[in-house]
Structures are given as structure tokens and as C-alpha cells.
Amino acid sequence: MTVDPRAALDRLVAALEAHYAAVLSKKGDDDPAVDDAYDVLADAFEVYDDALGTEHGEATPFYLAEEDDEDDDLDEDDLDEDDLDDEDGELEVDDDLADADA
């Protein structure tokens, strides 16, 4: 079933408004209302973008990044004091640690 792009746009605008309201009234950094509004907004965007593409062959200039469950970046917590070069203050990564990320 094809979704009407106009209806999808209306839903997207409503989701944006709801997300903004949730952010304004959030009760802490991990407020589930903000998370829920985020999910609804992401879904509304995808539906709109798909409807726009299907009906008119066009797309928005936005994309939703895929959530990455594993952090592939090197964190400071992953470093030992031995990984730092004390002479010039530059960071030197232990070869074993660098190989684990590759």
C-alpha cells in the first residue's frame, strides 16, 4: 500500500512538534518520553522519505545514521598510562591495542 506523501508530511510535522515538546519537558538525561518521541520521529521521517520517493521520485537531503551497538572508536578508558609518551605529551597507541581495533 502506498502512503500519501502529504499525509506522511503531516505526520512528520506532528512528530517534530511532539519531539520538541518532550525535549522541553524532559525529566533528566534518560527521560523515556524523549526516547519514545525520538523513535516516533525517526519512523515518521522514514515513512515520509519513502512516500516522497515512491510517489515523486524525490528524496530529502537527510538520512538516519544506523545505530552502532559497538563503539569502534578508541576511548580514553581503553588506554593505559604506558600508552602515553611522557616526553612530548603526544599520544602513542600500544600496537596490541591498535591491532585489536583493526
Side-chain angles (χ1 to χ4, degrees):
M1 179 173 95
T2 304
V3 176
D4 175 37
R6 181 67 224 188
L9 176 60
D10 292 342
R11 180 176 172 230
L12 176 59
V13 171
L16 283 164
E17 293 284 352
H19 182 264
Y20 182 66
V23 168
L24 289 180
S25 64
K26 75 178 181 177
K27 297 168 181 61
D29 290 338
D30 295 326
D31 189 336
V34 175
D35 293 339
D36 292 344
Y38 176 94
D39 292 338
V40 170
L41 177 55
D43 183 58
F45 168 74
E46 287 183 359
V47 169
Y48 172 68
D49 200 48
D50 288 346
L52 198 61
T54 300
E55 191 72 24
H56 301 289
E58 295 292 335
T60 62
F62 313 111
Y63 72 95
L64 295 178
E66 296 294 323
E67 291 186 29
D68 188 10
D69 292 337
E70 293 184 26
D71 187 14
D72 292 334
D73 296 333
L74 181 63
D75 291 335
E76 288 181 28
D77 297 339
D78 294 337
L79 298 175
D80 295 331
E81 286 183 28
D82 296 336
D83 295 329
L84 297 175
D85 182 4
D86 293 334
E87 288 181 32
D88 56 9
E90 289 186 19
L91 177 67
E92 288 192 14
V93 178
D94 183 66
D95 289 336
D96 293 334
L97 187 58
D99 291 340
D101 285 345

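The shown structure was predicted, so the numbers you read here are calculated from the model rather than taken from an experiment.
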_Using the salt bridge (charged side-chain N to carboxylate O under 4.0 Å, His left out) criterion, which residues pair with Asp43? Sequence neighbours excluded._
Arg11

*Do you know the tightest heavy-atom contact between Phe62 and Phe45?*
O-CZ, 3.6 Å

*asked:* Hydrophobic cluster membership, with links at side-chain heavy-atom distances under 4.5 Å among I/L/V/M/F/W/Y: are Leu41 and Val13 in one?
replied: yes

*What distance do Asp50 atom CG and Glu55 atom CD have between them, rounded to the nearest 0.5 Å?*
12.5 Å

*Nearest atoms (heavy-atom pairs only) where Ala51 meets Pro5*: O-CG, 3.7 Å

*Roughly how far, to the nearest 0.5 Å, is the OG1 atom of Thr54 from the CG atom of Asp49?*
9.5 Å

*Check the hydrophobic clustering (I, L, V, M, F, W, Y; side-chain heavy atoms under 4.5 Å; chains of links allowed) and say if Leu16 and Leu9 are grouped together.*
yes

*Shortest non-hydrogen contact from Leu64 to Ala42?*
CD1-O, 3.6 Å

*With sequence neighbours excluded, tell me which residues meet salt bridge (charged side-chain N to carboxylate O under 4.0 Å, His left out) with Asp35.*
none

_CG (Asp4) with more than 12 external heavy atoms under 6.0 Å_ = yes

*Does some side-chain heavy atom of Leu52 sit less than 4.5 Å from a side-chain heavy atom of Thr60?*
yes

_Remaining members of hydrophobic cluster (4.5 Å side-chain criterion), Leu24_ = Tyr20

_Heavy-atom pair with the smallest gap, counting every atom of Ala33 and Ala22_ = O-CB, 3.9 Å

*Calculate, to the nearest 0.5 Å, the distance between atoms CZ and OH belonging to Arg6 and Tyr48 respectively.*
8.5 Å

*asked:* Strictly distance-based, threshold 3.5 Å: is any side-chain N or O of Asp31 a donor or acceptor partner for the main-chain N or O of Lys27?
replied: yes

